[in-house]
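Predicted, not measured: the structure shown is a model, and the values here were computed from it. We count residues from 1, following the sequence as given. Reckoned from all heavy atoms, side chains included, excluding hydrogens, waters and symmetry mates.
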Amino acid sequence: QVQLVESGGGLVQAGGSLRLSCAASGYTFNSYDMGWFRQAPGKEREFVAAINWSGRRTYYADSVKGRFTISRDNAKNTVYLQMNSLKPEDTAVYYCAAGRWSNNYYYTSAYDYWGQGTQDTVSS
C-alpha cells in the first residue's frame, strides 16, 4: 500500500522558516519523481516545487523561487521542502505527491499518489 506522510507544518511568523518532510512507503521511491503542491482556502491546488527521481533536476513556482528548496534522500525514502522568508500568502495545506513526469511536473494530473497534507500558517 502506497503511503505519503507529510510532517513539519505549523504556525510561524512572517519571515520565519519551516521544513516539511514527506516519508514515502509502499513503492520504489527512487523510481518516482516528486512534487509539492499547496491549497489555500477557497483556491485551487497549485504547484510549488518538483524534483526528479535522481534529485538532479528541480523546478519551482515563481512565487517561491529563491525562498523554497526541494530536496530528497533516496536512502531514507523522504522528500523535503525547506521554506524560508515565509509570507502570509504562503499559508495553505501543503501536499507531497509522487509521479512519473517529463515536463508536466506542474500539473496535478502528472502525479499518481498524494499525501494527506499538512497545514502551514504564516502570521503577519
Chemist: Could you tell me the separation between the CD atom of Gln39 and the CD atom of Glu44, rounded to the nearest 0.5 Å?
Modeler: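 One finds 8.0 Å between CD of Gln39 and CD of Glu44.
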
Chemist: Would you compute the distance between atom CG of Asn104 and atom OG of Ser102 and round it to the nearest 0.5 angstrom?
Modeler: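 Between Asn104 CG and Ser102 OG, I get 5.0 Å after rounding to 0.5 Å.
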
Chemist: Show the numbers, then the answer: is there a salt bridge (Lys or Arg N to Asp or Glu O under 4.0 Å) between Asp90 and Lys87?
Modeler: CA-CA 5 Å; Asp90 294 319; Lys87 305 174 182 180; over 6 Å; no

Chemist: May I ask whether Tyr27 and Tyr111 are part of the same hydrophobic cluster, defined by side-chain heavy atoms of I, L, V, M, F, W, Y residues being less than 4.5 angstrom apart, directly or through others?
Modeler: no

Chemist: Taking all heavy atoms of Ser21 and all of Thr78, pick out the closest pair and write down the distance.
Modeler: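 In terms of heavy atoms, the two residues are closest at CB-CG2, 4.3 Å.
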
Chemist: If you compare all heavy atoms of Leu4 against all heavy atoms of Cys96, which two are closest, and at what distance to 0.1 Å?
Modeler: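 Of all heavy-atom pairs spanning Leu4 and Cys96, the closest is CB-SG, 3.7 Å.
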
Chemist: Measuring centre to centre across the rings, with the benzene-like ring taken for any Trp, is Phe37 within less than 6.0 Å of Tyr95?
Modeler: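 No.
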
Chemist: Within 45° of the ring axis of Phe29 and under 6.0 Å from its six-membered ring centre, is that where the NZ or CZ of Arg72 lies?
Modeler: yes

Chemist: In Å, rounded to the nearest 0.5 Å, how long is the span from OG1 of Thr91 to CD of Gln119?
Modeler: 7.0 Å

Chemist: Are Met34 and Tyr80 grouped together when hydrophobic residues (ILVMFWY) are joined by side-chain heavy atoms under 4.5 angstrom apart?
Modeler: no

Chemist: Using 0.5 Å steps for rounding, measure from the OG1 atom of Thr28 to the CG atom of Asn77.
Modeler: 9.0 Å

Chemist: Apply side chain to side chain donor-acceptor pair (under 3.5 Å) to residues Tyr107 and Trp101 and explain how you reach the verdict.
Modeler: CA-CA 9 Å; Tyr107 298 99; Trp101 40 256; over 6 Å; no

Chemist: Count I, L, V, M, F, W, Y as connected when their side-chain heavy atoms are under 4.5 Å apart, and connections chain through other members. Are Tyr32 and Tyr105 then in the same cluster?
Modeler: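 As far as the 4.5 Å side-chain criterion goes, Tyr105 and Tyr32 are not connected within one cluster.
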
Chemist: Would you find a donor on one side and an acceptor on the other, under 3.5 Å apart, between the side chain of Arg19 and the backbone of Gln82?
Modeler: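 Answer holds: no.
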
Chemist: Test of understanding: clusters of I, L, V, M, F, W, Y form through side-chain heavy atoms closer than 4.5 Å, transitively. Do Trp114 and Ile70 belong to the same one?
Modeler: no

Chemist: Students often mix this up, so state it plainly: with edges at 30° and 60°, are the rings of Phe68 and Tyr94 parallel, tilted or perpendicular?
Modeler: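 Tilted, since the angle between the ring planes falls between 30° and 60°.
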
Chemist: Just verifying a value: how many Å separate Leu86 CG and Ser124 OG, rounded to the nearest 0.5 Å?
Modeler: 13.0 Å

Chemist: Is the terminal nitrogen or CZ of Arg100 (NZ for Lys, CZ for Arg) located under 6.0 angstrom from the six-membered ring centre of Trp53 and within 45° of that ring's axis?
Modeler: no

Chemist: Tell me the closest heavy-atom pair linking Gly117 and Val93, and the distance in Å.
Modeler: CA-CG1, 3.8 Å

Chemist: Would you please test Ile51 and Arg57 for side-chain contact (heavy atoms from CB on, under 4.5 Å) and show each step?
Modeler: CA-CA 6 Å; Ile51 188 167; Arg57 288 189 290 145; over 6 Å; no

Chemist: Is the Phe47 ring parallel, tilted or perpendicular to the Tyr106 ring (thresholds 30°, 60°)?
Modeler: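 Plane angle between 30° and 60°, so tilted.
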
Chemist: Evaluate side chain to side chain donor-acceptor pair (under 3.5 Å) for Asn84 paired with Ser17, printing each intermediate quantity in order.
Modeler: CA-CA 4 Å; Asn84 299 329; Ser17 299; 2.9 Å; yes

Chemist: Any side-chain heavy atom of Leu20 within less than 4.5 Å of one from Glu6?
Modeler: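 Answer no - side chains too far apart.
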
Chemist: Quick check: is Tyr59 connected to Trp36 through a chain of hydrophobic side chains (ILVMFWY, heavy atoms under 4.5 Å apart)?
Modeler: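 Different hydrophobic clusters.
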
Chemist: Measure the spacing between CD of Glu89 and CZ of Arg38 and express it to the nearest 0.5 Å.
Modeler: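 Going from CD on Glu89 over to CZ on Arg38, the span is 8.0 Å.
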
